[in-house]
Amino acid sequence: MQKTANEPSVMLTTVEKKPDRRAWTRLRKNKAAHASLWFLILIHVVVFIGPFVWTMSPEATNPANTLASWSVSHPFGTDDLGRDVFSRMLHGGRITLLVGAGAMVFTVLIGGIVGACAGFFGKWIEAILMRFTEAMMSIPNFFFALVALTVLGKTPWMVVLVIALCSWMEIARVVYGETLKWKQQEFVEASIALGAKPLWTLVKHVIPQIIPSIIVASTLGIAWAILTESAISYLGLGIQPPTATWGNMLQDAQAYIWTAPILGVLPGIAITVVVLAYNFLGDGLRDALDPRHIQK
Amino acid sequence: MASFLLQRFWQSILLVFIVSILTFFLINLAPGGPSSMMRMDATEEERQAISAQLGLDKPVIVRYGEWLGNAVRGDLGDSLSSGQPVIQRIAERFPHTLQLTILTLIVSVVIGMILGIIAAMKRNRASDYMINFIAVIGLSVPSFWLAIMLILLFSVTLQWLPSSGVPPEGVSLWEQIKYLILPVIILSTSTLPTIVRFMRSSMLEVISQNYVRTARAKGVKESVVIYWHAMRNALIPVVSIVGVLVPRLLGGAVIVESVFGWPGMGRLIVEAANSRDYTLVMGVTIVVTLLVVLTNFIVDIVYSKIDPRVKNF
Amino acid sequence: ACGGNNSSQSDAPTDDASSEETSSSPSQGGEIAIPIVGDPIFNPWHPNAYAESNVVNRILFSGLTKPGKDTAPAPSLATEWSASEDGLTWTFKLRDDVKWHDGEAFTADDVVFTFNTLVLDESKGANGASNFRALDEVTKVDDATVEFHLNRPWASLPAYLGFNAEILPQHVLEGTDVWNNTAFNKETPIGTGPYKVETYTSGQSVVLTANDDYFLGRPNIDKVTYKILADVNTHIAQAMTQELDIFSLEDTSSLERLQNVAHLSVEPRNVTKYYWVAVNQNNPTFQDVKFRQAIMHAINRQAIIDNILKGYATIADAAITPNLETYYTNDVAKYDYNPEKAKALLEEIGYIMNSDGVFEKDGEPLSFQFDVAVQGDLVTIAQLIQQDLKAVGMDVELVTLDWNSMIQKDVVERNYDMMMNWWTYPDDPDVYAQYHSSNADTGNNIPNYKDEEMDRLLTLGQETSDPAKRAEVYKELQAYMAEQLPYQYLWYPQELVVINNKLENVPELNYGGTLHYINEWSIKQ
Amino acid sequence: MNPLLKVHELSVGFQSDQGVVKAIEDVSFEVHKGQTLCIVGESGSGKSVTSMSIMRLIDYENGVLLGGDIEFNGESLSTKSQDSMRKIRGNQMSMIFQEPMTALNPVFSVGKQIVESLRLQNKRLSKSESWAKAVELLQQVGISEPHIRVKQFPHELSGGMRQRVMIAIALASNPQLLIADEPTTALDVTIQSQILHLLAELKETTGMSMILITHDIGVAAEISDRIVVMYAGTIVEEGDVFDIFEQPKHPYTVGLFESVPVVDGERKPSLPSIPGTIPSLANLPEGCRFHPRCPYATEQCVRSSPPLVTLSEGRKVACFHHDIVDHQNSLTKTKKEVVQDE
Amino acid sequence: MSESTVLLEATNIKKYFPIKKGVLKKTVGHVRAVDDVSLTIRKGETFGLVGESGSGKSTLGRVLLQLQALTSGTVQFKGQPIHNANAQQLRAIRKHMQIIFQDPFASLDPRFTIRDIIAEPFQIHQMLKGQALDNKIDDLLQRVGLDPQRKHAYPHEFSGGQRQRVGIARAIALQPDFIVADEAVSALDVSVQAQVINLLKDLQQDLGLTYLFIAHGLNVVRHISDRVGVMYLGQLVEVGPTDALYETPAHPYTKALIDTNPNPNPYKRKKRILLKGEIPSPANPPSGCRFHTRCPIATDTCKTEAPSLKAFGQDRLVACHYPIQDH
Ligand SMILES: Nc1ncnc2c1ncn2[C@@H]1O[C@H](COP(=O)(O)OP(=O)(O)OP(=O)(O)O)[C@@H](O)[C@H]1O
Ligand SMILES: Nc1ncnc2c1ncn2[C@@H]1O[C@H](COP(=O)(O)OP(=O)(O)OP(=O)(O)O)[C@@H](O)[C@H]1O
Ligand SMILES: [Mg+2]
Ligand SMILES: [Mg+2]
Ligand code: NI
């Protein structure tokens, strides 16, 4: 590190009186995360308010005007059925963002609870929960989803739930491993020595240490959920057409990969950018929660 | 330790048993039936005849009992769609899948860890953002799209690499590798980001610990500090992920296998599911379960090897 | 050259030399590759033999007849055939120069075995056995003659014998559990076709080599490889790299790109196939013909054909496709795209448009589910149809299902409101199976349409063997179909066959048909 | 003679969300070859920060060198790159960290951690040789059954054992300068004396210099040549060990010595300690940092901070009233008789 | 010993740690960290525990608080056996017994500010909230000599001694009946140390606290303790009232310890007497008296016969065949 003698050495007496440790203020100092946050807010606003402004139906087909390039009436052109891509992006965004975040929340909740409890409590709880996790990894997802969605109906919320039920095992494993590692630390023992209930120790001391991993898992989980939705729609199990999602727009574009690759580019970019923003936000959050990190 | 092994063994047996029950009832609950009965132009009589032939007219419980009886004797039955023994169908595919899985794991773990560490070291700087960006692209660009684009570039336009298939026998190692390059790249695009991201986060956690300072005080090279002292402590999440990736790669490389005409387990599973080949589904599920059990067991052992404080057994 | 056991690598030059000798005839040698999407099963009657098996079995085995280049049945293993006066007995004369791939002679016994033991045994559930419900028994007259005994007159028999009805070897299969005989079905099938299996690797390929003893002469091309490639985009990529030589293009989305590849041509071919939408006739809502007519008027078929199918289809009015020229008539009721008319028809039968723009009857909105399997371009088309129906005030909800679930729900349980699909059948106008009331509820009469007049015409068509009279019957049937709309007809598609220009002498038949003539194909020098 | 280490007006701060907070200010001292310098002082006064700054490890702890210079063997360290620092660390300079539990890598056996140091120092050492050497080092620092202990992990050792492992690691590299941050706090007196003995021996045989940070006045008295006293981030007094013990000049030093509990003295109901609260770096008083607790404080002390003045060769103090503070340390009152005793 | 004043009584407690080898983690031996120790701590007293590094003092402290399970033996706290208490009972008891860990840094959650660390015991036992809690925290910080204004800083931003004081503040927060102080003041300079010790003593006087004071600083132990126990290789070798034990150590090891104590006077620099001989290991303790390998007065009896802890003089116990009588 360079000598920074010329830096105005802050008077010893004034600073650090009441350091503001709130994550929010620290987060605001991280440019990438801050920008990502605003971007995500913006995109949610656009996607949820946009359709009231751009009222063209996302489902209205027009065989006479398929694969049109951009124009005033169709800013992003039209798709293979002559539907307005802009409108589909807006409406699809609603579902995709909901599915992504919704499935991620469930995934993290289930996976986090199972993994943390298994790792922390050990003994038969561990045996049951971890074997259960392994069982869920082994049961063929296709049939699970097929039966669940046939019985429960293919509403977006059910799709979210089923995606979560098919993907929480990864997080459970990660959280389990981390819990095993952290629960051996002396400060955990210290908390036990204070007479804390196990749940207190787990929630207050062990889980916070795992939060960086959980953040990573959730930001990855969003991408995973969005893509899983499109994959299962290919099996007739996802959000039902003609309802647009970025995932199924991407999936539909598969057929046009040779002739109109642009069809996939828009939803692809949208997904990438959103996932990227979530990742930067996650990194920022992680830094904000890291007491050793200084936001410059 | 011995009691741990024994305990784990019985738990696993129970697990396989429960998975088999759940799966058996699940596949029978799922709409549809074996494809031979599910032809558009089949008549009810034909369906009934085939159903009787396949023994599907018996109650589910009875069929499960029969299946279980055979399975414990090591006989997973014959595939409903091809008549071949399920074991044979799996055995045909498994080596190919294993090849891809191992290579993909090596590639994504090695590169993933390196990139993750670089990202952590260059935290919030251009290279960190760049690596994050690449990882996210790898995650959100659909495999089929990337696969076709790579085929277009390397096989159609440049003609450097074969567009698909498994290496023919008796060709040189380099020729064999050529067949693997594209599938491994595509598979890695979805596994690598996970490892990169977890590695980065885990490294950041570790790098500020006092023992890293000690290593520096010893005069250890910065690269050794990072790749030896710090990394070892950061491995647990990555190992967990690898444990999850193994079964996923073994059974889930469907897109890559179809695009590259790779005769792997992924397609076998999808075909079995689509054609409601109950015996094959059961067989594959059992194999996958065993692999899951095995990898998780290994991962659990590895935890305490990585970090001696971990006492999970 | 691979036929001989002593053949080796050094054979190849000899092959080339021999092809030079006969320079006037099509060039000899070379190899081609054809994609299939899954592992085949080498038995055309196997309940699991689907499309990917059919294209392989077609060149491994031979039937008694095959589709002629003029769509009429042409001789194959049978050289000639005739029906008795009452139409209940058919006699087939067989070739006496046919050898199975293992050298055994093909005889009438094989035909008898195939039909009596496999096809007619109901408990076996052989693939397509239901087509032969009119057949009681096959008997051997002598080694080269068989008789087919029917329980009712059936003029289409020769056509159906050329439609995935290949003959299997008795001497190999007799006494075995045929469906589970994996040595035959999955390893070394014995056929009479122009090619025989050399190697089969699950998930990868089936390699076939020319049958030197093929009864129509050794095929020109030495080796045919069926590559098992599940992904359409891979087919296209490999066609570009000349790793694949011929296949049928499922949908038109990549058409332009393929047309721009110098070494490929994309050729439209006629097929005996039509797309339809069906509404469940067990549901009173859909029983009124005006309702079905309203659907026809509501769907803008021409727009879909022009834009989505790139013009490679013609509007369908009935079940007989135009390529069956003798039987086809255009002189039937037409339903133009006319949403107003559709609305008017609905109003006629008591529907009233409510404030949401949805029709109502007795306070019940006209809303129903439209099931569609995720298969080929069905979902795409269904979305267009759904929008058209919505536009005339029908509240249609699209439900996508995987193929198997769709069959279970819509075909087995008949638990649906509306669905869409297509029918393919042999080059013969006999559509009894899909329309006769006896096939409602359980058979192929998917809409469960029951109509005595229809039944009468269908039976009459089967009983009439005189071609001219038969044509009349079927023209009448078409008119009646177009009027009553048991199914709501969409279009007769054309098939797009992608062919590598190096291939010569490929008859201008559809993809499936032209494979029957693979022995004639050759490779440009 | 040139000093081995010369710290000149060193100021170090920590980055925080709000900016840079100074931790030590204008710290200067020298260590000569073969000499032992003891840094004593109040807890939190910046002893560890000073030592980590010398090693330039402070950079990794969000620390910033704000001014001053560190010279080692005539070379300035403060501007050196971390890469070139690496060649000095572990080779010419080693450090024993204060908290041995967290300073040892939990995932490597202690043997591995010692071996690493050995092999960094001597690249030609073979694997088995270095393991044998590691066992020997453990033996030297008084760990029983070292061949078992080398294979154990830090968490399996007692606090004192970990501390001795840290010492072994630091000694493995044969440094010219050893910085030992409270190396014997977790050791019982018998082992402590064994370790101090070992260090003294090394000093004699290899000419090693040492900076010893300790709270144990007994240890300081026993081993050091010179003593530096720190208070609230600055040096308040420096001098030869005998001078300091005999005639502490700074009121803080005096207070410190008064607080030492003595074994042979009478047990008092409560120990004497310096009255008042210790200022935190964030909240330092104006003027002399010690004035709120100082019995001698005057107006002047409130207004301005006293400079570190040199009284005689090697004797410095930062107090306006050092001449009044003429307090004889009770600990050394009886020095004459004792010396005669020996 | 009057029964009524016994706060904690441990009988024949043992704590063995397995030594494991290989991938399969086979147990190849045991470290006998605490090997058959019996001890009684009276209400309101300070029991000093000194002894060789690695002799099992920390382990003893932990097992007394049931932070580690015993291998065998019994522990009674306020007359109640606690070695077999269930989790719920233990939680209730832990409110009354606290520990100050030897390694302050490792025992502080790196993601907690020190305010949160000190607030935790109050939150766990739902004792104080809001402003009252904050006042209490400030007060505690002040008492251990930390600036309350820094309470929002994290442990890594403190010096070793400061962290140690955070640990002390946390332990005394609940005003427990019994505190195990494991090297609680070792990282403090003497002045602060004096302050903290005075604090601990004041608390003891006001609230009747009992301490198990584990330390190496013999001076400090002498100052604070009423009675002192000396451990060697997993066993208690001598117990007695502080002054008596310091003035007339009976066990040769105790004597060696006291003789080796460094003197804070540079003029009194002397060659400290180093104990000779091989240092034995708790994994493989010597036969007979465990100190015999290093004992200047060991005889053949010592090599074979293990001495038990026997009464010696008034209120004193010693485990030696040849206890040193008055010098
Ligand atoms: N990373 C950090 N960030 C902010 N302040 C710090 C950091 N590390 C240390 N400090 C502060 O710097 C001052 C000096 O700390 P240092 O560790 O040098 O004290 P010390 O003299 O070694 O004390 P002790 O004897 O208690 O170990 C302390 O007030 C401490 O709070
Ligand atoms: N978790 C553990 N696993 C294995 N051995 C252990 C463990 N904890 C302690 N030991 C062993 O137990 C013995 C006693 O350790 P303990 O920490 O009680 O010693 P101590 O008297 O506190 O020493 P010190 O004064 O050095 O802190 C040591 O030999 C140590 O190696
Ligand atoms: Mg310090
Ligand atoms: Mg200890
Ligand atoms: Ni040949």
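Chain letters run A, B, ... following the sequence lines, proteins first and then strands; every chain starts at 1.
Both the backbone and the side chain of B/Glu222 come within contact range of chain D, each with at least one heavy atom under 4.5 Å from a heavy atom of that chain. Proximity to chain B (any heavy atom under 4.5 Å) is shown, for D/Ser173, by neither the backbone nor the side chain. Using a 4.5 Å cut-off between heavy atoms, D/Met85 does not touch chain B at all.
The local environment of NZ in D/Lys203 is crowded, with over 12 non-hydrogen atoms from other residues, nucleotides or ligands closer than 6.0 Å. Heavy-atom neighbours of B/Tyr227 OH from other residues, nucleotides or ligands within 6.0 Å: above the threshold of 12. Around the NZ atom of B/Lys221, the shell of radius 6.0 Å holds no more than 12 heavy atoms that belong to other residues, nucleotides or ligands.
Taking all atoms of both residues into account, the shortest heavy-atom contact from D/Pro106 to B/Pro308 is O-CG, 3.3 Å.
Checking side-chain atoms of D/Asn105 against main-chain N and O of B/His229 turns up a donor-acceptor pair under 3.5 Å.
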B/Lys218 vs D/Ile169, side chain to side chain contact (heavy atoms under 4.5 Å, CB included): CA-CA, chis, key distance, verdict: CA-CA 8 Å; B/Lys218 283 182 183 173; D/Ile169 290 175; 3.5 Å; yes
Determine whether D/Leu104 and B/Thr214 satisfy the following criterion, side chain to side chain contact (heavy atoms under 4.5 Å, CB included), listing intermediate values before the conclusion. CA-CA 7 Å; D/Leu104 288 172; B/Thr214 310; 5.6 Å; no
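A cation-pi arrangement is present between B/Arg216 and D/Tyr60 under the rule of less than 6.0 angstrom and at most 45 degrees off the ring axis.
Counting only heavy atoms from C-beta outward, the side chains of D/Phe108 and B/Tyr211 never approach each other to under 4.5 Å.
No option in D/Arg89, D/Arg86, D/Glu116 other than D/Glu116 meets the side chain to side chain contact (heavy atoms under 4.5 Å, CB included) test with B/Val220.
A salt bridge links D/Glu61 to B/Arg213: one of the charged nitrogens lies within less than 4.0 Å of a carboxylate oxygen.
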